[in-house]
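Everything quoted here is computed from the prediction, not taken from an experiment. FYI, side chains are in, hydrogens and waters are out, and symmetry mates aren't considered; it's all heavy atoms of this structure.
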Amino acid sequence: MEGNQRTKNFNPLTYGELNTMQSPSTKANIALTLATLAFAANFSVWVLYAVIGIHLKSQLGLSATEFGLLLSTPIFSGAVLRLPIGFLSERYAPKKLLLWQMAFLIIPLIMLKDATTLVDYLWLGLLIGVSGVSFTIGIRYVVDWFSSQKQGTAMGIFGAGNAGAAITLALAPWIIDHAGLDLLGPIYAAGMILVILLFGFVAPQTPAYILQKNKQGWQHHFEPLRHLAVWRFGLYYYFVFGGYLALTLWLPQYYVSAYDLNINQAMALTLLYVTSSSLVRAAGGWFADKYGARTVNWSVFWTCLVCLFFLSYPPTTMVIQGVDKQVNLHIEINVWVFTGLIFVIGIAQGFGRASVYKIIYDYYPKQMGSVGGVVAMVGALGGCTLPLIFGIAVDFIGVYSACFMLLYAVLAACMLLMFVANKKEKHQERVRHAIETNFLERD
């Protein structure tokens, strides 16, 4: 009778909470899987302008600077909103926040079909950029389900939702070719509705006692923002995530402009970068758990620095005065070497994104929403500012590789700051240890 009564009163909206037959580990895995899926769907929307922009660049006659502005618009709103959303996710149920955030996207996606001018696409881009806050909400939702020993791996798997960019790079051109640019937004809106229904019906709700435990005073969540370490982590994320996001948006047109590839070829090669960088994030989380996040971060930075050195070198023709004649020497990175270097950078950035959030958890396990929101905001601002700076640099300097010169400078600053900060922290640890052991009074 009890089983029949339970079946009769079955409510699909609360299935995730009522199904007590599921073990905590099973619920954790379901939560992680569906949160990753929701993040991938949101990320695919967030980078939609990477595909639309190529069509609009010729259609609207955009300069490199205007093109960079177009790409930056959705990233800007997604970046800035990550900070307040991070605090809200500490106070309210992350599952409900994520559902409301995804529902908000449906209207601007449908309205894309009516956009005709650059201004139309810019203000719609600001609304579509709300998809970018899904990471901050999702990471808050995920960390409550796993122990500290598994946090790096869990956050790495969730972060693999960056592969949503690959969905757009593969799917959006196909939709445009077969259904037209006008239907791209409505089709994405329909896909978002399906994800909302799946996540709303199946994803488990964070247990009430955990939500209550997280609801501490605002001061508790604001306090860490006074620490320089938080902003330093944000700068690291500016490169490993902001740089990744900027290249995801910039590479398709770079291949078209610098190497005369067609759009489909450019998308395919960009897809290689995006997919590999996203999928290795889970492995990066595992490495951060096993070998330490700092060790992984430092290795990532050195790998990227070497690759960016070669990518920064523009095509060059030199005239060498020989013994009997002049020798013309032409130096240029061909498309395959370029793609190989970009591939290595993508792998390294994937590891780096996972290791940065493992560092955050090591320092601030009780403020992942607020601190993680700040770091995510600073990182996403890289995806907003870098494409715009890329465009200005190309217009001003006149070489396509100017974007990699800028990335090289950003990375050099990150590495210098990381080196100085690590030295200072080790010195403080030695002083603290000396005081605790009272070494001055020992014989």
Side-chain angles (χ1 to χ4, degrees), residues 33-60 67 70-75 77-78 98-135 138 160-203 245 248-249 251-253 256 262-268 270-271 274-275 278 383:
T33 300
L34 291 176
T36 304
L37 175 63
F39 177 46
N42 277 280
F43 207 89
S44 70
V45 172
W46 205 24
V47 300
L48 197 57
Y49 274 22
V51 178
I52 295 177
I54 294 179
H55 293 271
L56 295 181
K57 187 177 182 181
S58 56
Q59 199 173 318
L60 301 179
F67 179 72
L70 177 69
L71 296 183
S72 298
T73 305
I75 310 304
S77 56
L98 195 55
L99 287 171
W100 280 109
Q101 175 264 314
M102 289 190 286
F104 177 87
L105 295 174
I106 295 172
I107 294 176
L109 284 172
I110 293 174
M111 292 177 66
L112 266 179
K113 63 183 177 58
D114 299 318
T116 56
T117 66
L118 176 60
V119 174
D120 291 340
Y121 283 103
L122 290 179
W123 75 263
L124 281 174
L126 289 174
L127 298 179
I128 289 172
V130 172
S131 55
V133 305
S134 58
F135 176 79
N162 288 154
I167 296 173
T168 286
L169 293 175
L171 182 62
W174 185 88
I175 293 175
I176 293 172
D177 289 342
H178 291 80
L181 186 61
D182 290 345
L183 287 180
L184 182 62
I187 289 174
Y188 265 68
M192 187 58 67
I193 291 173
L194 292 177
V195 174
I196 290 171
L197 293 174
L198 180 63
F199 189 76
F201 273 70
V202 182
L245 191 55
T248 298
L249 299 170
L251 277 176
Q253 69 84 34
V256 171
N262 61 45
I263 292 178
N264 290 333
Q265 291 171 327
M267 289 298 174
T270 305
L271 189 62
V274 169
T275 305
S278 301

Legend entry - Pairwise side-chain contact, Gln101 with Asn42, heavy-atom cut-off 4.5 Å (strictly under): yes

Inset, instruction - Could you tell me whether the side chain of Val45 reaches within less than 4.5 Å of the side chain of Tyr188, counting heavy atoms only? - result: yes

Legend entry - From NZ (Lys113) to CE (Met111), nearest 0.5 Å: 9.0 Å

Inset, instruction - Find out whether Val274 and Asn162 are in side-chain contact, i.e. whether some heavy atom of one side chain is under 4.5 Å from a heavy atom of the other. - result: no

Inset, instruction - Indicate yes or no for a side-chain donor-acceptor contact from Ser44 to the backbone of Ala41 under 3.5 Å, with no hydrogens or angles considered. - result: yes

Inset, instruction - Kindly compute the distance separating CG (Leu184) from CH2 (Trp174), expressed to the nearest 0.5 Å. - result: 12.0 Å

Inset, instruction - Determine yes or no for a side-chain-to-main-chain donor-acceptor pair under 3.5 angstrom, with Tyr49 supplying the side chain and Gly125 the backbone. - result: yes

Legend entry - Side-chain (Asp120) to main-chain (Thr117) donor-acceptor, under 3.5 angstrom: yes

Legend entry - Exercise: identify the closest heavy-atom pair between Ala50 and Thr248: CB-O, 4.0 Å

Legend entry - Reported CG-to-CD1 distance for the pair Leu271 and Ile167, which is rounded to 0.5 angstrom: 10.5 Å

Inset, instruction - Carefully, step by step, assess Tyr121 and Thr73 under the rule side-chain hydrogen bond (donor to acceptor under 3.5 Å, both in side chains). - result: CA-CA 9 Å; Tyr121 283 103; Thr73 305; over 6 Å; no

Legend entry - Close side-chain approach of Leu112 and Leu124, heavy atoms under 4.5 Å: yes

